[in-house]
Every structure is written in structure tokens, then in C-alpha cells.
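Report on one structure; see the data block that follows.
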Amino acid sequence: MSSKKYILEMFPYPSGNIHMGHVRNYVIGDICARYHKLKGDEVIHPMGWDAFGLPAENAAIQFKTHPKDWTLTNIKNMKDQLLKLDLDLDWDRELATCNENYYHYQQELFIDLFNAGLAYKKDAIVNWDPIDQTVLANEQVIDGKGWRTGATVEKKKLSQWFFKITEYAEELLNDLNKLTLWPEKVKTMQKNWIGKSIGAEIKFKIVEKDKYLNIFTTRPDTIYGATFIAVSINHQIVNEMLDTASIEKIRKDFEEVGDDKEKIGINLNLKCKHPILNKEIPIYIANFVLDNYGEGAIFGCPAHDERDYEFAKKYQLPIIKVIDCMDTELPYIGDGKLINSPLLDGLNKDKAIDEIIKFLINSGIGEKKINYKLRDWGVSRQRYWGCPIPVIYYEDGSYRVLDKSELPVVLPYDISLEGKGNALINKESWRKIICPKTNKEAYRETDTLDTFVDSSWYYIRFLNNKLNQPFDPSQANKLLPVDKYIGGIEHAILHLLYSRFFMKALRDIYNLKIDEPFKQLFTQGMITHKTYKTITNEWVMPIEVVSKNGKLLRNKTGETIEEGPCEKMSKSKKNVVEPNEILESYGIDATRVFMISDSPPDRELEWTDEGIQGSKNLVNRIQRYFLKKKGNINLNIEKEIEKFVYNIEKNILNFSLNKCVADIYTLFNYLEKKELYLYDNKLSKKILICLFPIVPKLSLSLNKTLFKSDNIEKWPDVNEDLLIENKIKLPIQIHGKLVTTIDTTKGYSEKEILKTIYQLDKIKNKIQNKKVTKVINVQDKIINIIIN
RNA sequence: GCGCCAGUGGCGGAAUGGUAGACGCGCUGGUCUUAGGAACCAGUGGGCAACCGUGGGGGUUCGAGUCCCUCCUGGCGCACCA
């Protein structure tokens, strides 16, 4: 019975050259794909190009070329290199996200999302990367720095397009449970990123104004201990109270605090009424309040929160204990009985939270609230080389999202990339149009979509890359989800979360039956290599290093070279090996074997010369074996071959590809030891089929030589009866320690075998005149004798 | 700081709670030759032995690399998330 298997490796950014990381990624996928094809499954195994993005623009400026030309040339080069890897890919499904035929339909999806209320525009304080001159998503800011440039990200207020990923926060979180074939680690990362927390939102009346401050808390039980309010610098109330100059001054002061996280605050000279107690508490602007979490405002309960405690100490605010923690030093964060809280006294934390929420609801000053860390996905990018957003603006500031019939909005080719900013803004002839619907003058949206939008649905477009609509829903229902998705763990959050969101959004828009895009996720490990440096700290490529009299020297100059630690292959450290050179020297099969042999595919693989050579030797050895015609053919070896088929299959399915290599060695060690040289018979054919996914070139050529055939036959069914081993070596233990093993057959009688065992010298010596008190016989597994 | 994962020979790594170290690399000794980026044969956890050995210490079990507690070390992720 054949079944559909969609096997996908994360498509590459066309930087110009493939590297060993790509090779490992694609070889892993290729082995799966070839195996499933032999099984008779309907395999989908496409490849394409994640072709929009900033590097093209930067390169265009640097090399005085055009982003499109640069990208297309790179695609051509990389495709040539991939073809040399001889991967079993569906090239007729190929796509590049920068092609009109792709982004046209992405623009349609944008319209779909807009109509579904999942794309919207709003003014927002956004992350601005001053080097790339563009906005970044929250996910693209790491430690306050741009993920590509490393520049400190600035805050800017801009009008931006957003995708409403928060609408799916709960489902994105819950459905992680369905992803049983995903690494736990990735699921944990996504869970933390979504950051669900359950608590309450409480309204605090501002004394001086006819207004309330909304505050989210997970600890409403500590409300009696609230002694101040703190808001973020970007909070609305700050805008109302202070002029822009003062705000900027404070913002600057806050930024100067930097990484040491010292808490500082400014008294806003406003007060809030405590929602329960008859007292007023001050409002501060504080640097530690996040503006993009909750409501950007907190109530401070110094006795039971570390941050609030630190702040209260510094500004001499009262500290009121409301949880009985005996003599434990404050702040005390844990559970305990409530005190100083008339409505809650004596209750424990959880019960107190329930009670206070009831009270807040009844008094109309608060409600139960679930909060997510996840924010909506800002997708506007102020760059040229991306998918144009299908929107036009009128003189009065209003806008219209285009109809599908008005698509595609084609990215103009003739632009100038000189100078800063988005080239589309300066391209007046493109930007300015007459709206066909109103006949009014209008301007195109000049922002383009984040390239993560491109990669959020490419796996659907692969199903039919020529269709005049984004995809065919009935086909999607039939062929999705991707069964095995293979790529680097660096996409654990961004790409994988966005893709999950897209799948769900498209499911709801197009009434699909698919909830998750990737059934199984496999994250392959990096390739590492030793690093080499001269004594003047200059990185040196491995290929330049020679060993002489136990010393490492640079081949050309004779300089002394120091060997550094093994690190991820990177151009900057020059510890790379070029796939082209390896392929030329060792061939594709040996390269494939090495990619999987030295460590499990999800772990780091250290590149070594010995490793690749060993792989080459194995390939040669297999070839030599099959070309030896004479030998001692003994038909009892069926069993060994059957075990081999069984193990290889199991290990491919588990991604334990390193064990597949061990299986190959084990088989050939056995056959050669016994001088069992199979030549053109049934069993050797079986072996060749199992070798095919791993060393396809060799397998094909041997198949041709031995069987005069260009086709590899179907994967053999395993005869499980042959796997059963009747003769066993039974371990004998005394007190759980191995003493000896005896040869016997399965299903031995315990009584009989004990008789034999007690005759053995080793056992006799141990027992001597002691008494056997107990015998544990795990039938066919082990016998453990207990003596007193 | 919080969370997760991992610690096994000289190295990469194997082991449904049941013979620890499969398989490979490296190393040692040997064979052969069309002197190779070979190939083949034998050996290779420690210890002279009894025995000892899966980061340390405890526990559960007839039996623990595997399960539980605790500590140490390393890696990854998150990091003022109220």
C-alpha cells in the first residue's frame, strides 16, 4: 500500500554558494526520500529559493549590480552546485519567492488575510534598525540588537502593517501538544515565546483625573500590599502629563542605565486610589516596566516581588507584608497564608486569587484575564527587495487594499539604490498612480513584506507552483501536512511559529482540514571544524595547514600555526571546507556517508580528514566486495541479510542514520570474515537496494554491472520469522553480577539449565558451601542466582 | 537568575531496567604489494591479579549508564514577562 510522503528541507537563501551545512541538511532529506520511493510511497521532495531579503540589496550597492540580477545569478550557481550533489529532488516544483509568479499569490493571501481581519494597519512603536534602515519584528531583536546587523535597535513610532498572530495564540500554544514528532526543545521555546499567563486586570482610578489605569497582574492576591503604581515611558498617561522634550530626556536617562538593570523611576505627581483600601498611592514612570507586555503598567507590591522591593527601597516607598512567611526575609515570592488583607486573611495563594477576582468582578473594578507575551507580527519593511504590499493611499490619508484583479503589484526593476532608505519611495513613476476605481491620484504602499511571510507558505505553493491562485484547497487537504521537515534549530521560533500561524489562518479562510503544517520536525546539528590561527591571530583555512615534525605550519609561508577549538564552520573563522572540493576528491557517495556517519544527525558533526577518508574507504570496500566473483556461498546467511534490511529500515525511519552506517560495517565485516562473496544473486540484490538510499551512485553502478539493470527494485519486505534467534548466549549472574555465559537455546527448561549451571567451576567456586536462596530466571534473557 | 538538555575508553559514539563500550576513528604488532588518501590479519576500558569501571554522593530493584533525590561540570534557550 502506497502512501503520500511529503519530505522537505528548509529552502536556502541564495547567497551564491552552498556550504557543508546545506549538504548535511539535504543528504538527510534525500536518504528519507529515496527510502520512501523504494517503499513505493508517493514522495514529494521539492526545492526552491528564499530569494527576497536584504543581503541582495547590500550586495547590489557594494558590487554595483541589481538585487534581482545578483539573486538570479546566485540561484543559478547554487542550483548547479546542488545538481552535482545528485539529490533526488522534484525540480519541476522549483520556485523562487522573488519571482512574480510567487509573490503575486502572496499578495492575494495578504488580501485574504485583510478581509479576514487578520491583517491591519496601526501606529506603533517599532524596532528600528539604524544600519539596515528598516523595522524589525520583536522576534528579530535579540538583546536589544538587530539580528543581522547587531546594531542597537531604536524605538520609532510608525504606521505599520501587522498580522494578527495573537488571535491564534491559544491555539498555537495548545496544538504544540499535537506535535508529538517535534523536538521537545523547540516546543518549549515556542511555549515560552507565546508566554501565556493567567491573572487579572484591575482598574485603578487616577485621583486627579476622570480616568482609570488598567493593570495586569498574575498576583491579584497581593493587592492589599500595593503601595505604588509604575508605568512604562511609552504609556499614554505619560504623554498626557509631560511634554515631548521631558519624555525624551527621561527616555534617554533610562537608556543610559543599560545592562546593569538598576531600577530608576520618576514620580509623575499623580496618584491612584487603591481599589479596595481607602488610600492613595503614587504613580511613577519606571524603567523596568515593559511597554509591550500587559498594559504597560503595574502595581508594585514590594513585600512580595523582587523588582518592586528594590524599587521601593530606593524611593522609600512603604513595604506592606500581606503573605505570612514567618521570618523569611522579604521579598517573599512563594505561597503562604494571606495577612493584612481583610477579605483574604487566612487563605492560601490560589484560593485568595480566586476570591479576590470574584470580588473585583462584583465591584466592577476588574476581571479575570489571560495575557500573552506574543505580540502581533509587524510585517512592514522599509526595503525595496521584497514583496510589495498591495495597498494604495489617497491624498486624504485614507487607503484601499487592492482587489485581486488588480494584482500583481510588480516590483519595478529600474530603481536607484544610491542613498539611504527605501528605493521605492524615490521611484515616483511607480509610486504615483491614478486609482482605477475612484480616478483619484493615489500612491502605492512602498513598504514591502517581511521575508518571513514568503517562507510561511512556500511548502503549500510547492504542491503546484504554476497555479493561477495561491494553491488548490483540495490538493492541500490531500497532500499536506509536510511529513518530515528538516532544517536548522535556528528557526525554532520565527519561521516555524509564523508558518504554523499561516497554516491556521489559511485553514480558516479556505476551509482546509489541516491544522499544522509540519507533522514531524527534525533539526539537524551543525558541522564544526577545528580552527587554525597564526601567532598574530590571523585565521587560517584548514587546507593551508600542513603538519611537519609534529608541528603545524602554514604551507606557503612556513608560519607556525596554532590549533584552536572546534567551532561551527564559518567564513569569518575560515574553518570551512568547500563542498565542491570534497565532491571532486571523494565523490558524492563518500560525502553522503560522512555526513551521517560520525554522529547522530541531530548533533554536531565534527569535520575531520580521517572521517571523510574512512567514508571513502567504506565505499571502495563495498565495491571491491561485490566485484569478487568467487566465494563460498552459504545459504544460511539469509538471516544476516534479513537483520540488515530490518535494521537499516528502522534506523532510517528513526533518523538514526549513524547507525545505518554501523549496520553496513557489521554486515560486510560478517560476510568478509566468512568469505561469503555473493555476486549476482538474490541476496546481493537485496543488499544493493538497502544501500541505495545511502550510496545511490555506487548502488546503481553495481546494479548495472551485476544485474544489467538501471532500476533499483522495490524495498524488500522483512520476514520477521527469520529475525528470531534460537541459539542464545545466556548470561548467568550471582547477586546481579555477571559470572559467565552459557550457550543454550530459547525455551530452555529452568530446572535443566540450573543443573548444568551448578556444575560450572566458576559458579561452584562462588557458591561453595553457601545456600542458594533465590533464582531469578528471566526466560531467554538472564539468570540471576542469590545466595545468602 | 529561570528553564531545558547532556556528561560512557585516547576520540566520535552504541546499549526495550537484564553480558556496558555495537560500529567507526586513532593506536600497537604483523602480512602483502601494482608503495596507496591503500588493502588484509591480530590486538586495543583500567589493573599483575582478585577485581574495578558509565561526572560525585545517596536511594528504588534480584539486577541501574538507563528510574528517583541531591550536588558538580558543560551546552543551549529565555532573561526585569508583573
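All figures in this text were calculated on a predicted structure; none of them were measured in a lab.
- Between A/Val695 and A/Ile664 there is no side-chain heavy-atom pair separated by less than 4.5 Å.
- Within the 4.0 angstrom heavy-atom criterion, only backbone atoms of the sugar-phosphate kind lie near A/Lys673; the bases stay farther away.
- On the C1' atoms, B/C4 is 34 Å away from B/C52, given to the nearest whole Å.
- Of the residues in residues 778-787 of chain A, A/Val778, A/Lys781, A/Ile782, A/Asn784, A/Ile786 come within less than 4.0 Å of RNA chain B through at least one heavy atom, sorted by number.
- Nucleic acid contact for A/Tyr665: sugar-phosphate only, since backbone atoms but no base atoms lie under 4.0 Å from a heavy atom of the residue.
- At the heavy-atom level, A/Lys737 lies under 4.0 Å from the strands shown only through sugar-phosphate atoms.
- The nucleotide B/G10 finds its pairing partner in B/C25, both defining distances of the Watson-Crick or G-U wobble pair being shorter than 3.5 Å.
- Distance A/Ile198 CD1 to B/A82 P: 11 Å, rounded to the nearest Å.
- Within the 4.0 angstrom heavy-atom criterion, no nucleotide atom of any strand lies near A/Lys643.
- In this structure, A/Gln613 reaches the bases: a heavy-atom distance under 4.0 Å links it to at least one base atom across the strands shown.
- Straight-line distance from the CG atom of A/Asn651 to the C1' atom of B/A22: 12 Å, rounded to whole Å.
- Here A/Lys659 lies in heavy-atom contact (under 4.0 Å) with sugar-phosphate atoms only.
- With a 3.5 Å ceiling on both atom-pair distances, the Watson-Crick or G-U wobble partner of B/G77 is B/C2.
- A side chain to side chain contact (heavy atoms under 4.5 Å, CB included) with A/Met595 is found for exactly one of A/Ile694, A/Leu657, A/Leu605, namely A/Leu605.
- Atom CD of A/Glu640 and atom P of B/C23 are 12 Å apart (whole Å).
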